[in-house]
Amino acid sequence: MNAGLILAGGKGERIIGHTLPKQFIEVGGNMIISYCLKTFEQCSDIDIVCVVADEKWRSQIGDYLFADSGISRQHSIYNGLQALRLYAPKYVVIHDSARPRVTVENISEYINASFGFDGATPSLSVTETVYRSYNGKSIASTLNRDELFVGQTPECYDYQMYLAAHEKYADMLANFRGSSEIAVNAGMKIALAKGNPDNFKITTNADLDRFKFIINGEQ
Ligand code: CTP
Ligand code: MG
C-alpha cells in the first residue's frame with residue numbers, strides 16, 4: 001500500500017492581507033487544501049491519506065488520519081511519518097496543500113519513477129540565468145543552469161528508508177532544505193522526475209490571484 005501525506009501545518013506568512021493560512025482560504029467555494037485532497041482520493045495508487053494540520057482545522061478538512069503540525073516543514077513531515085507507522089506503507093507521497101493543481105497522473109507518475117530508486121521528486125529545468133550573490137547587491141558568480149532544477153511536490157519516498165532518515169537526523173531537521181536533502185544525506189537514491197509547470201505552489205498573493213483566475217476566470 002502507498003500513503004499520501006498532505007502538509008497543511010504552515011502559516012502562509014508570505015501571503016499578505018489574509019488571516020487564515022493560505023491552504024484554508026476558499027477559492028471557488030472550496031478551501032485550497034480540498035483540491036489536492038480530492039485528487040489524492042481519486043488516485044488508485046494511494047490507499048490512505050494523512051493530513052498534517054492543527055486540531056482546530058480538522059473538522060473542516062474532513063475524515064482523515066491527522067498528525068500535528070511541526071515547527072518546520074520537515075518536522076511536520078516527521079510527525080506525519082510517525083502517524084503512518086501502523087500502516088507501514090511501501091511509498092509515502094508527500095504533497096504541499098498549497099499546490100492545488102496536482103493531477104492524479106502526476107501522483108502515479110512519480111510513484112512509478114521511484115521504481116529502481118529509493119524515491120522520486122518532480123522538478124522543472126531552470127530557464128532563466130541564475131546568479132550567486134552573497135549580499136543581494138552584486139554578482140559573485142553565474143551558475144550553470146544545466147545542472148540546476150527546481151523542486152516541486154508530490155515527492156515519493158520509500159517509507160521505511162525515509163522514516164529511518166528522520167530518526168537518524170531527528171535533532172537537526174530544521175537544517176534541511178526541501179524534503180529530499182535529508183533523504184540524499186541518508187544515502188537514498190532519489191530520481192528526478194518531470195515536473196508539471198501547472199502544479200505551482202501558492203506562495204505569494206500573485207500565486208493566489210493566478211489560482212483564483214484559473215478557478216473563477218476574470219472577475
Ligand atoms: N508546512 C507544514 N508545516 C510547517 C511549514 C510548512 O506543513 N511547519 C507546509 C505548508 O502548509 C505548505 C507546504 O508546507 O503547504 C509548503 O510550505 P510553504 O509554501 O513555505 O508554506 P508556509 O510555510 O505556510 O508559508 P510561508 O513560508 O510563506 O509562511
Ligand atoms: Mg514556509
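In each ligand, atom 1 is the first atom listed, and ligand 1 is the first ligand listed. Here, residue 1 is the first one in the sequence, and each next residue gets the next number.
Residue-ligand proximity, A98 to ligand 1, at heavy-atom distances under 4.0 Å covers atoms 15 (O). Near S97, meaning under 4.0 Å from any of its heavy atoms, are these atoms of ligand 1: 15 (O). Within ligand 1, counting atoms from 1 as listed, the ones closer than 4.0 Å to a heavy atom of S72 are 4 (C), 8 (N). Listed by atom number, the atoms of ligand 1 under 4.0 Å from R14 heavy atoms are 18 (P), 19 (O), 20 (O), 26 (P), 27 (O), 28 (O).
For the pair G9 and ligand 1, the shortest N or O to N or O distance falls below 3.5 Å. Not one N or O of T203 is nearer than 3.5 Å to an N or O of ligand 1, by distance alone. Taking any N or O of G10, backbone or side chain, at least one lies under 3.5 Å from an N or O belonging to ligand 1.
In terms of modelled atom types and a separation under 3.5 Å, the side chain of Y169 and the main chain of N185 share a donor-acceptor contact. The main-chain N or O of Y91 is found under 3.5 Å from a side-chain atom of N2 such that the two form a donor-acceptor pair. The closest donor-acceptor contact from the side chain of S72 to the backbone of H75 lies under 3.5 Å. Remark: the backbone N or O of H95 is not paired with any side-chain donor or acceptor of T153 at under 3.5 angstrom.
Within 6.0 Å of the CZ atom in R132, the count of heavy atoms belonging to other residues, nucleotides or ligands does not exceed 12.
R73 CD, 4.1 Å is the protein heavy atom nearest to atom 17 (O) of ligand 1. In terms of protein heavy-atom proximity, atom 19 (O) of ligand 1 is closest to K201 NZ, 2.6 Å. Shortest contact from atom 26 (P) of ligand 1 to any protein heavy atom: E13 N, 3.4 Å. Closest to atom 8 (N) of ligand 1 among all protein heavy atoms lies G70 O, 3.0 Å.
Distances from atom 12 (C) of ligand 1 to the heavy atoms of L7, N79, L5 put L7 nearest. Residue nearest to atom 13 (C) of ligand 1, selected from D96, T204, T153: D96 (by heavy-atom distance). The residue among K11, Q23, K22 with a heavy atom at the shortest distance from atom 18 (P) of ligand 1 is K22.
Residues C156 and V93 approach most closely at SG-CG2, 4.2 Å, considering heavy atoms.
Residue S76 touches ligand 1 through its side chain alone, judged by heavy-atom distances below 4.0 Å.
Taken to the nearest 0.5 Å, the CD atom of Q23 stands 11.0 Å off from the CG atom of L37.
Of the candidates D198, N106, N199, T39, D198 is the only one forming a side chain to side chain donor-acceptor pair (under 3.5 Å) with R101.
For the residue pair N79 and S76, no side-chain donor N or O sits within less than 3.5 Å of a side-chain acceptor on the partner.
In this structure, V52 is not a member of the same hydrophobic cluster as W57, with clusters built from ILVMFWY side-chain heavy atoms closer than 4.5 Å.
Using a 4.0 angstrom heavy-atom cutoff, G12 counts as in contact with ligand 1. Residue contact check for ligand 1: P21 places no non-hydrogen atom closer than 4.0 Å to it.
Scored by the ring-ring contact (aromatic ring centres under 6.0 Å, His included) test, Y159 finds no partners at all (sequence neighbours excluded).
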